[in-house]
Amino acid sequence: MASRPDCLFCKLVAEGEHVRADDGFVAVADINPKAPVHLLVLPERHVDTFRDVAEFPPEEAKRMLDFVAETAREVGLEDYQVVVNVGRGAGQTVFHLHWHILGGGRPFE
Ligand code: 5GP
Ligand code: ZN
């Protein structure tokens with residue numbers, strides 16, 4: 001799917017400040033961090049939710065996972081959480097697929 005004009009995270013992809021961008025993915029700092037380091041990794045193309053990952057070509061799914069891991073490594077995290085909220089009932093509020101990277105201390109209580 002291409003960029004959607006009504007999607008907050010499509011706008012972030014196009015105009016936001018990126019911690020990292022490569023290979024069809026971007027990482028941004030979460031606007032309301034829930035940990036000392038809280039990044040979001042997004043595919044540049046619009047994908048609603050993690051449910052759609054089944055439709056990804058295997059090579060793209062692998063690149064996305066590599067991008068998440070490489071982003072954490074580049075910002076100096078060794079121990080961290082990777083969280084994906086899938087669907088409103090699980091806390092997903094923005095319907096453009098994103099992976100939370102949370103780390104940098106003991107933020108998880
Ligand atoms: P969700 O609840 O959908 O899993 O996560 C959405 C995340 O996006 C939340 O952690 C929220 O703080 C973050 N967020 C919402 N609006 C913006 C924004 O405009 N910019 C950035 N960088 N993060 C945002
Ligand atoms: Zn989008």
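When a ligand or atom number is given, it counts from 1 through the structure's own listing order.
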Taking the side chain as every heavy atom from C-beta outward, state whether Arg20 and Glu70 have any atom pair closer than 4.5 Å. yes
Show the nearest heavy-atom pair for residues Leu102 and Ala35, with the distance to one decimal. CD2-CB, 3.8 Å
Examine Gly91 against ligand 1 and note whether any of their N/O atoms are separated by less than 3.5 Å. yes
Closest non-hydrogen atom pair between His46 and Phe95, with its separation: CE1-O, 3.1 Å
Do His18 side-chain atoms and Leu12 backbone N/O form a donor-acceptor pair below 3.5 Å? yes
Got a sec: does the NZ of Lys62 have more than 12 other heavy atoms crowding it under 6.0 Å? no
Among all protein heavy atoms, pick the one closest to atom 15 (C) of ligand 1 and tell me residue, atom and distance. Ile31 CG2, 4.0 Å
Is there a nitrogen or oxygen of Leu40 sitting under 3.5 Å from a nitrogen or oxygen of ligand 1? no
Can Val13 be reached from Phe67 by stepping across I, L, V, M, F, W or Y side chains whose heavy atoms are under 4.5 Å apart? no
Side-chain donor or acceptor of His96 paired with backbone N/O of Pro43 under 3.5 Å: yes
Can you check whether Lys34 has an N/O within less than 3.5 Å of an N/O in ligand 1? yes
Looking at atom 5 (O) of ligand 1, what's its closest protein heavy atom, distance included? His98 NE2, 3.0 Å
His38 to ligand 1: N or O pair under 3.5 Å? no
Counting non-hydrogen protein atoms only, what is the nearest one to atom 3 (O) of ligand 1? Give residue, atom name and distance. Thr93 N, 2.7 Å
Atom nearest to the Zn ion (ligand 2) - His46, N, O or S atoms considered: ND1
Starting from atom 16 (N) of ligand 1, which protein heavy atom do you reach first, and at what distance in Å? Leu8 CD2, 3.4 Å
Location of contacts on Asn32 toward ligand 1, heavy atoms closer than 4.0 Å: both
Do the non-hydrogen side-chain atoms of Gln92 and Phe50 ever get within less than 4.5 Å of each other? no
Rounded distance (nearest 0.5 Å) linking atom CG of Leu42 with atom CZ of Phe25: 10.0 Å
Considering just N/O/S atoms, say which atom of His96 is closest to the Zn ion (ligand 2). ND1
Any atom of ligand 1 sitting under 4.0 Å from a heavy atom of Phe95? no
Write out the residue and atom name of the closest protein heavy atom to atom 22 (N) of ligand 1, then the distance separating them to 0.1 Å. Ala29 O, 2.8 Å
His100 near ligand 1 by a heavy-atom separation under 4.0 Å: yes
Could you tell me whether some N/O pair between Val94 and ligand 1 is separated by less than 3.5 angstrom? yes
Closest contact, heavy atoms only, Ala21 versus Val26: CB-CG1, 3.9 Å
For ligand 1, which atoms have a heavy atom of Gln92 less than 4.0 angstrom away? 3 (O)
Provide the number and element of each atom of ligand 1 under 4.0 Å from a heavy atom of Asn85. 1 (P), 2 (O), 4 (O)
Closest approach of any protein heavy atom to atom 7 (C) of ligand 1, naming residue and atom: Asp30 OD2, 3.5 Å
Quick one: which of Leu40, Val68, Val19 gives a side chain to side chain contact (heavy atoms under 4.5 Å, CB included) with Ile101? Val68
Can you label the angle between the His100 ring and the His38 ring as parallel, tilted or perpendicular, going by 30° and 60°? tilted
Among all protein heavy atoms in this structure, tell me which lies nearest to atom 8 (O) of ligand 1, with the distance rounded to 0.1 Å. Phe9 CZ, 3.4 Å
